[in-house]
Amino acid sequence: MNKSISTNQLAYSVSAFILASSLLASNLYQFAKNDSWVSVLMGFAASLLIVSIYIALSRRYPGMGLFDINNAVLGKIAGKAVSALYVFFFFELAMFNTRDLGDFIKSSVLRQTPLMLVIIIFLILCAWAVRKGPVNMTRYGFLATAVSVGATIAVTLFLVDKFELRHLLPAFKLPVRNYLIGAHIVAMLPFCEILAFMTLIPSMNRPYGFGHAMRKGIIIAAVMMLVVVLRDTIVLGKFISVFTMPSYYSARYIDIGDILTRVEIVYAIVLIGLLFFKVSIAYYAAVSGVAHIFGIDSNRPFIYIIGALICIYASACFTSMAEHIKWNMTAASTSSTFFIILLPLLTLLVSVVRESISKSENASKTQ
């Protein structure tokens, strides 16, 4: 395997991955409302702690990917069982984000286009990216991040005349529970889903740079997400919890002399590009996990099988967009907690205990 993913490439890929979901943060506003920016800061702090678990595992087993670490820590049988759980999580991640893309296209861009057709075309492109491999995918991380950051800054500047700072008031009046729920959503959904990047460690030219890349990517994404949340809150006010895609509707407010209008098209293009990037990474993680479980060096035989399953379940998992939104607000972040926090933490604890026992045994033998 060509190990040529640099630390910076991985960092920008991480930020692009997170930004894909941060532009779909409508479920956050349902709980934190005009104080959503507080939950973003809390979620960012929590995510740094959670990601430190991934970094600790990568340092204890340098150069190993997530699935190899599972085998090294838990043994072959238990390791493959845990890897199968991660495959299910990455499959879900790809499936739900594919449905996000389909619902967005269907509701806001091409309303007469069948949902299944949108999903099929999108997944064909993602399958092509997965075939190219992680090295080629991450080469476009900087471009994806730069375009997203540039578009966010441009839209924000164009909306300055629509700013109403009073929309941030009253501040800190919500129950503490609302802030915590919002922080949990932010940490679980946009930020800590970057667990998928642990499958890319074997392709890095400097595996020890994994931790730096993760933190750098999170910081970039957190700054931009904070800008987006504050901007949308100041522009939309109390209506922010009404719109399913606040950033898209904020962009529709831009109208400069009847010349610069329909800027929401830029938002649509950026969102589609970021979701393509995110789904491709999650798709790759699921495919490489299946190949690892079956002990096959090449993951290509599974690309189209997994892609077909994603296509079927993405189109059938929800009967309507409203049901999808309800899932995101209620169960999505809770179900992700098991895969994002509990499993990696369990693996790390087992690793520490086994190392401690091994040191004790070696010490007793030398006495």
Side-chain angles (χ1 to χ4, degrees), residues 1-25 90 93-94 97-98 100-101 104-105 109 118 121-158 190-191 193-201 203-206 209-210 212-228 231 245 247-248 251 262-285 287-288 303:
M1 182 181 291
N2 182 22
K3 298 182 179 181
S4 58
I5 298 179
S6 69
T7 302
N8 282 333
Q9 283 177 332
L10 192 70
Y12 291 121
S13 297
V14 167
S15 61
F17 187 93
I18 296 172
L19 289 171
S21 292
S22 67
L23 295 177
L24 296 167
F90 297 138
L93 189 59
N97 281 272
T98 297
D100 281 332
L101 184 282
F104 172 68
I105 295 293
V109 183
V118 173
I121 295 174
F122 178 70
L123 286 174
I124 289 174
L125 294 174
C126 292
W128 169 80
V130 173
R131 278 180 60 89
K132 291 294 184 180
V135 174
N136 288 308
M137 284 191 289
T138 53
R139 284 175 182 167
Y140 300 100
F142 175 77
L143 177 62
T145 298
V147 170
S148 176
V149 170
T152 299
I153 293 174
V155 170
T156 302
L157 292 175
F158 288 138
F191 284 111
E193 290 173 340
I194 57 174
L195 171 67
F197 283 90
M198 287 195 71
T199 63
L200 273 59
I201 294 176
S203 299
M204 294 186 67
N205 54 19
R206 290 182 59 252
F210 176 76
H212 174 73
M214 295 287 270
R215 292 193 182 97
K216 181 178 178 180
I218 289 176
I219 292 171
I220 294 171
V223 171
M224 296 315 301
M225 186 175 182
L226 187 62
V227 170
V228 168
R231 181 199 68 203
M245 295 181 183
S247 294
Y248 181 74
R262 302 304 304 270
V263 178
E264 69 271 15
I265 295 174
V266 175
Y267 167 88
I269 294 171
V270 171
L271 178 59
I272 292 170
L274 290 175
L275 283 174
F276 165 72
F277 189 84
K278 180 175 182 177
V279 171
S280 296
I281 296 292
Y283 188 171
Y284 171 81
V287 169
S288 62
I303 291 176

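Put simply, the side chain of V227 does not reach to within 4.5 Å of the side chain of I153, judged on heavy atoms. Between V155 and R231 the shortest side-chain heavy-atom distance falls below 4.5 Å. Between M225 and V228, every side-chain heavy-atom pair lies at or beyond the 4.5 Å cut-off.
From T98, atom OG1 reaches atom OH of Y283 across 9.5 Å, with rounding to the nearest 0.5 Å. The SG atom of C126 sits 12.0 Å away from atom CD1 of I121, with the distance rounded to the nearest 0.5 Å. Distance check, rounded to the nearest 0.5 Å: CG of N8 to NE2 of H212 gives 6.5 Å. Atom OG1 of residue T138 and atom CD1 of residue I5 lie 3.5 Å apart, to the nearest 0.5 angstrom. The line from CG of N205 to OG1 of T7 is 6.5 Å long, rounded to the nearest 0.5 Å. Atom OH of Y267 is separated from atom OG1 of T152 by 9.5 Å, given to the nearest 0.5 angstrom.
The two atoms that bring F90 and A196 nearest to each other are CE2-CA, 3.5 Å, heavy atoms only. Minimum interatomic distance between V130 and S280 (heavy atoms only, all atoms of both residues): CG2-O, 3.6 Å. Listed here is the closest heavy atom pair of F210 and L10: CD1-CD2, 3.7 Å. Minimum heavy-atom separation, S148 to L19: OG-CD1, 3.6 Å. Contact detail for A285 and T199: the closest heavy-atom pair is CB-OG1, 3.8 Å. Closest approach of F17 to L93, counting heavy atoms only: CZ-CD2, 3.9 Å.
F277 is linked by a side-chain contact (heavy atoms from CB on, under 4.5 Å) to S13, A16, I281, counting only residues two or more places apart in sequence or in another chain.
Side chain of S21 to backbone of I18: no donor-acceptor contact under 3.5 angstrom is found.
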Is there a side-chain contact (heavy atoms from CB on, under 4.5 Å) between Q9 and S4 once you walk through the steps?
-> CA-CA 9 Å; Q9 283 177 332; S4 58; 5.9 Å; no
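No more than 12 heavy atoms of other residues, nucleotides or ligands lie within 6.0 Å of OH in Y140, so this atom counts as exposed by the packing criterion.
Relative orientation of the Y248 and F104 rings is perpendicular, given thresholds of 30° and 60° on the angle between their planes.
A donor-acceptor contact under 3.5 angstrom links the side chains of S15 and T145, judged on distance only.
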